[in-house]
Chemist: 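Take this structure, written in structure tokens, and hold onto it; I'll ask about it next.
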Amino acid sequence: MTTEAVPPLDVALAIRRTCRVFASDFAGVVLGGLALVTLPSIVTRGIAGDADAGTLLITLRSVCAMLYVALVSWGVVARLRGRALPPRLFVREGLVRATPGLRVALLAGAAFVLGLIIQLFARHGTLAGWLLDVSLLALGLWAIAAMMPLVPVAVVERLGPVAAIRRALALTEGNRNRTLALALLVALTLAPSAALVAGLAGPDGGGLLLRSLFELLAWSLVATVPAVVYAGLKGTP
């Protein structure tokens, strides 16, 4: 059996492609984001309820966001392969194709929550707690670098979670320093905006809208960048 040759990821090219496809598919990306990120965010934050209801609403909101990531993955890869989708088709076709990506996105989200739970039980201030924190951070950075194209892999290649993980690991092998660098660049790009929003947002409706719009921007990047990386690792010109 022959192994597919994976080209080196060009980080600068990935950034340019992200900007280009985001601008080209802006209407589709925003349309999907308004429905699956902004609206659920406004609704869940606007509903005051007990702790159980709040947990359920947050869970549903997270599922919608994961669905959005899978939806955008399909549309972005389609454009990079020369098949640009008009906004309504971008959303409709992305929803139809999203199921495999939603599965792996939920699995990744569950792993992240498990890591947070483990971190909560760390004995902070002790050597053991410090070692656990460092280990979880290292594992998280490795997962980001190794699994960045996970959702696009599942969506485009119609793979189940285990097969998608193996495929993502194979694609990023030899490129994980580059995928990690790209992820850190995205984080550094969003950090000032997050700090600004946190400082300006208040309890009034304007603050709620500002936070929701920032979430739309953040999730748009989270959805677009892995799809661009997947296309780059597949050698899409």
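This structure is a prediction, so every number in the text was calculated from the model and none was measured.
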Chemist: Return the set of residues passing side-chain hydrogen bond (donor to acceptor under 3.5 Å, both in side chains) with Thr38 (not counting sequence neighbours), or none when no residue passes.
Modeler: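 Checked Thr38 against side-chain hydrogen bond (donor to acceptor under 3.5 Å, both in side chains); zero matches.
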Chemist: Which donor-acceptor pairs under 3.5 Å do the side chains of residues 24-35 make with protein atoms, sequence neighbours left out?
Modeler:
from, atom 1, to, atom 2, distance (Å)
Ser24, OG, Arg20, O, 2.9
Asp25, OD1, Arg79, NE, 3.1
Asp25, OD1, Arg79, NH2, 3.2
Asp25, OD2, Arg79, NE, 2.8

Chemist: Search all heavy atoms of Arg158 against all heavy atoms of Arg97 and return the closest pair with its distance.
Modeler: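 Minimum heavy-atom contact is NH1-O, 3.0 Å.
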Chemist: How would you list, by chain and number, every residue that makes a salt bridge (charged side-chain N to carboxylate O under 4.0 Å, His left out) with Glu157, sequence neighbours excluded?
Modeler: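 Glu157 satisfies salt bridge (charged side-chain N to carboxylate O under 4.0 Å, His left out) with Arg167 once adjacent residues are dropped.
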Chemist: Of all residues at least two apart in sequence or in a different chain, which pass the side-chain hydrogen bond (donor to acceptor under 3.5 Å, both in side chains) check with Thr172?
Modeler: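 In terms of side-chain hydrogen bond (donor to acceptor under 3.5 Å, both in side chains), with neighbours along the sequence ignored, Thr172 is linked to Arg176.
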Chemist: Can you tell if the side chain of Thr18 reaches within under 4.5 Å of the side chain of Val76, non-hydrogen atoms only?
Modeler: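 Heavy-atom side-chain distance check fails, nothing below 4.5 Å.
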Chemist: Under 3.5 Å, which donor-acceptor pairs do the side chains of residues 133-150 form with other protein atoms, sequence neighbours left out?
Modeler:
from, atom 1, to, atom 2, distance (Å)
Asp133, OD1, Gln119, NE2, 3.2
Ser135, OG, Leu131, O, 2.8

Chemist: Cluster question for you: counting only ILVMFWY and a side-chain heavy-atom cut-off of under 4.5 Å, with indirect links fine, are Leu185 and Leu13 together?
Modeler: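 No: no chain of side-chain contacts under 4.5 Å links Leu185 to Leu13.
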Chemist: Side-chain atoms of residues 102-109: list all donor-acceptor pairs with protein atoms under 3.5 Å, sequence neighbours left out, distances to 0.1 Å.
Modeler:
none

Chemist: Can you measure from CZ (Arg17) to CD1 (Ile15) and round to the nearest 0.5 angstrom?
Modeler: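 Between atom CZ of Arg17 and atom CD1 of Ile15 there are 13.0 Å.
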Chemist: Under 4.0 Å between a Lys/Arg side-chain N and an Asp/Glu carboxylate O for Arg88 and Glu93?
Modeler: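 Salt bridge between Arg88 and Glu93, a charged N being under 4.0 Å from a carboxylate O: no.
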Chemist: Is there a path of hydrophobic side-chain contacts, each under 4.5 Å between heavy atoms of I, L, V, M, F, W or Y residues, that connects Leu180 with Leu169?
Modeler: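 No, it is not one cluster - the side chains of Leu180 and Leu169 are not joined through contacts under 4.5 Å.
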Chemist: Does a side chain donor of either Ser220 or Tyr68 reach within less than 3.5 Å of an acceptor in the other side chain?
Modeler: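 A pair is found: one side chain offers a donor N or O, the other an acceptor, under 3.5 Å apart.
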Chemist: Which distance, rounded to the nearest 0.5 Å, do you find between the CG of Leu182 and the CG of Asn175?
Modeler: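 So the CG of Leu182 and the CG of Asn175 are separated by 11.0 Å.
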Chemist: Decide if atom CZ of Arg166 counts as having more than 12 heavy atoms of other residues, nucleotides or ligands within a radius under 6.0 Å.
Modeler: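 Not buried by this count: 12 neighbours or fewer within 6.0 Å.
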Chemist: Measure across Leu36 and Pro40 and return the closest heavy-atom pair with its distance rounded to 0.1 Å.
Modeler: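 Where Leu36 meets Pro40 most closely, the heavy atoms are O-CG, 3.5 Å.
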Chemist: Evaluate the side-chain proximity of Leu233 to Tyr230: yes if any heavy-atom separation is below 4.5 Å, no if none is.
Modeler: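 Result no, sub-4.5 Å side-chain heavy-atom pair not found.
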Chemist: Could you tell me which non-hydrogen atom of Gly232 sits nearest to which non-hydrogen atom of Pro7, and how far apart they are?
Modeler: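 Smallest interatomic distance, heavy atoms only, reads O-CG, 3.5 Å.
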Chemist: Answer yes if Phe112 and Val37 sit in the same cluster of Ile, Leu, Val, Met, Phe, Trp and Tyr residues linked by side chain heavy atoms under 4.5 Å apart, and no otherwise.
Modeler: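 Not linked; separate clusters.
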Chemist: Apply side chain to side chain contact (heavy atoms under 4.5 Å, CB included) to residues Leu71 and Phe90 and explain how you reach the verdict.
Modeler: CA-CA 8 Å; Leu71 179 157; Phe90 184 100; 3.7 Å; yes
